[in-house]
Amino acid sequence: MTTSTPGPAAAATAAGAAGTAAPFGPRPVFPTAAGKASFALAGQEITVTDGLLHCRAHGKQVCAECVADYSTQNFIARQLGANRMALPPPNPQMEQAVQRLKTEGNELFRAQCHFEAAQKYTEALNVAAQRPLWDPSAAIIEETTVLMSNRAACLLAMDHASEAYWDAEVVTRLKRGWSKGHFRMGRALMDLGRCDQAAMEFRIGVSLDASARDIRTALEKAEEYV
């Protein structure tokens with residue numbers, strides 16, 4: 001069995017109609033080699049042709065009628081085949097998009113356009129969240145924590161301490177040994193009137209980076225209220 005081969009735009013349209021688009025963006029529908037036999041997976045409405053998944057009813061990799069989208073699985077299958085079963089490398093375009101948005105956010109923050117800067121960091125986080133699961137976790141964590149820490153700084157500047165606290169909470173959980181995350185959390189706790197907890201966060205920050213004057217100054221201020 002062979003299938004037709006629409007381009008990426010057609011695949012994206014079909015995926016959108018199915019309501020099950022691939023979590024990190026639509027993938028093209030891949031061609032199958034002529035003459036390849038098909039077999040059905042037991043207990044599932046799926047057939048496999050040339051190593052690619054299709055809906056059993058219509059023989060499509062992305063099928064609106066069956067509400068099925070196998071584009072992600074098929075993309076991985078083709079990548080593994082091309083790379084001799086090695087995982088594909090990170091997408092440089094995605095990394096560049098994240099860095100561009102972060103740079104724009106930094107420039108807006110320096111110009112004290114805090115709301116607009118927070119929007120840029122959020123856009124960058126949304127792009128970073130589309131990274132495929134096989135990308136190195138260390139790179140994803142580094143990207144996410146920096147962006148959320150920067151957004152927390154914007155939120156603090158706009159007196160949104162509660163939202164800043166939750167961003168800082170995620171940062172400290174993902175990257176426990178980073179002093180800036182504890183500094184952001186301490187700042188948010190101070191603004192929320194939790195000076196004792198803020199002092200504890202600042203102490204952790206100082207223990208991680210004894211040269212950080214801003215954290216030491218914040219700790220001294222917090223201890224005045226404890």
Side-chain angles (χ1 to χ4, degrees), residues 21-25 90-91 94-226:
F24 37 86
N91 185 339
M94 185 171 289
E95 184 175 352
Q96 290 166 8
V98 171
Q99 290 301 317
R100 175 179 57 79
L101 289 165
K102 185 180 80 169
T103 299
E104 291 174 4
N106 292 347
E107 292 171 354
L108 287 165
F109 184 83
R110 284 192 289 269
Q112 298 188 358
C113 300
H114 300 124
F115 177 79
E116 292 80 3
Q119 286 184 313
K120 289 294 181 182
Y121 295 136
T122 300
E123 288 180 45
L125 283 163
N126 290 338
V127 174
Q130 296 177 37
R131 280 187 176 276
L133 297 176
W134 57 77
D135 273 9
S137 59
I140 296 172
I141 290 172
E142 180 67 24
E143 216 167 50
T144 301
T145 51
V146 169
L147 291 169
M148 295 193 79
S149 175
N150 290 359
R151 188 171 67 179
C154 295
L155 293 166
L156 287 166
M158 294 187 291
D159 296 324
H160 296 318
S162 296
E163 293 90 338
Y165 171 83
W166 289 116
D167 271 3
E169 171 74 11
V170 173
V171 171
T172 55
R173 286 177 180 270
L174 289 175
K175 196 174 178 182
R176 295 184 181 275
W178 192 33
S179 62
K180 187 171 287 187
H182 294 281
F183 176 59
R184 298 277 190 250
M185 181 176 283
R187 285 277 316 281
L189 287 166
M190 283 290 288
D191 288 356
L192 292 168
R194 307 301 296 267
C195 299
D196 53 342
Q197 292 174 285
M200 182 176 67
E201 293 297 330
F202 293 141
R203 290 188 193 104
I204 295 172
V206 169
S207 71
L208 293 169
D209 184 4
S211 64
R213 293 184 179 180
D214 51 353
I215 306 180
R216 284 190 173 278
T217 301
L219 174 59
E220 293 169 2
K221 183 176 179 180
E223 287 178 334
E224 292 177 4
Y225 298 97
V226 176

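Positions are given from 1 along the sequence.
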Apply side chain to side chain contact (heavy atoms under 4.5 Å, CB included) to residues Ser179 and Ile215 and explain how you reach the verdict. CA-CA 8 Å; Ser179 62; Ile215 306 180; 3.9 Å; yes
Residues which pass salt bridge (Lys or Arg N to Asp or Glu O under 4.0 Å) with Arg110, listed by chain and number, not counting sequence neighbours: none
Verdict with reasoning, Leu208 to Trp178, per side chain to side chain contact (heavy atoms under 4.5 Å, CB included): CA-CA 7 Å; Leu208 293 169; Trp178 192 33; 6.0 Å; no
Can you check whether Leu192 reaches Ser162 side chain to side chain, under 4.5 Å on heavy atoms? yes
side-chain hydrogen bond (donor to acceptor under 3.5 Å, both in side chains) with Glu142: which residues, sequence neighbours excluded? Lys175
Could you give the distance from CZ (Arg187) to CG (Asp214), rounded to the nearest 0.5 Å? 9.5 Å
Can you sort out the partners of Arg100 under side-chain hydrogen bond (donor to acceptor under 3.5 Å, both in side chains), two or more places apart, ordered by chain and number? Glu104
Atom CE in Met185, atom CE in Met190: separation rounded to 0.5 Å? 15.0 Å
By side-chain contact (heavy atoms from CB on, under 4.5 Å), which residues pair with Leu174, not counting sequence neighbours? Ile141, Thr144, Thr145, Val170
Indicate yes or no for a side-chain donor-acceptor contact from Ser207 to the backbone of Ile204 under 3.5 Å, with no hydrogens or angles considered. yes
Side chain proximity check, Thr217 to Lys221, heavy atoms < 4.5 angstrom: no
Quick one: are Arg184 and Lys180 in side-chain contact, heavy atoms under 4.5 Å? yes
Could you report the tightest heavy-atom contact between Met158 and Ala118, atom names first, then the distance? CE-CB, 4.3 Å
For a quick test of reading the model, state the closest non-hydrogen atom pair linking Gly181 to Val171 and the distance between them. CA-CG1, 3.7 Å
Does anything in residues 101-120 pair up under ring pair (Phe, Tyr, Trp, His ring centres under 6.0 Å), and if so which pairs, sequence neighbours excluded? Phe109-His114
Which residues satisfy the side-chain contact (heavy atoms from CB on, under 4.5 Å) test with Leu108, sequence neighbours excluded? Cys113, Glu116, Ala117, Lys120
Applying side-chain hydrogen bond (donor to acceptor under 3.5 Å, both in side chains), name anything that partners Asp209, two or more places apart in sequence or on another chain. Ser211
Separation between CG (Leu155) and CE (Met148), nearest 0.5 Å, reads 9.5 Å
Considering non-hydrogen atoms only, spot the tightest contact between Asp191 and Ala161 and give its length. CB-CB, 3.6 Å
Using a distance-only test with no angle check, is there a side-chain donor-acceptor pair under 3.5 angstrom linking Tyr121 and Asp167? no
By ring-ring contact (aromatic ring centres under 6.0 Å, His included) - contacts of Tyr165 (at least two apart): none
If I compare all heavy atoms of Gly186 with all of Ala198, which pair ends up nearest, and what's the gap? O-CB, 3.3 Å
Residues two or more places apart in sequence or in another chain: which of them pass side-chain hydrogen bond (donor to acceptor under 3.5 Å, both in side chains) with Glu143? Arg131
Please name all residues satisfying salt bridge (Lys or Arg N to Asp or Glu O under 4.0 Å) with Glu223, sequence neighbours left out, ordered by chain then number. Arg203
Side-chain donor/acceptor of Thr172 to backbone N/O of Glu169, under 3.5 Å: yes
Who passes ring-ring contact (aromatic ring centres under 6.0 Å, His included) against His160, sequence neighbours left out? none
Thr122: side-chain contact (heavy atoms from CB on, under 4.5 Å) partners, not counting sequence neighbours: Asn126, Arg151
Can you give me the closest heavy-atom contact between Ala199 and Val226, atom names plus distance? CB-CG2, 4.2 Å
If you look at every heavy atom in Ala210 and Arg216, which pair is closest and at what distance? O-NE, 3.0 Å
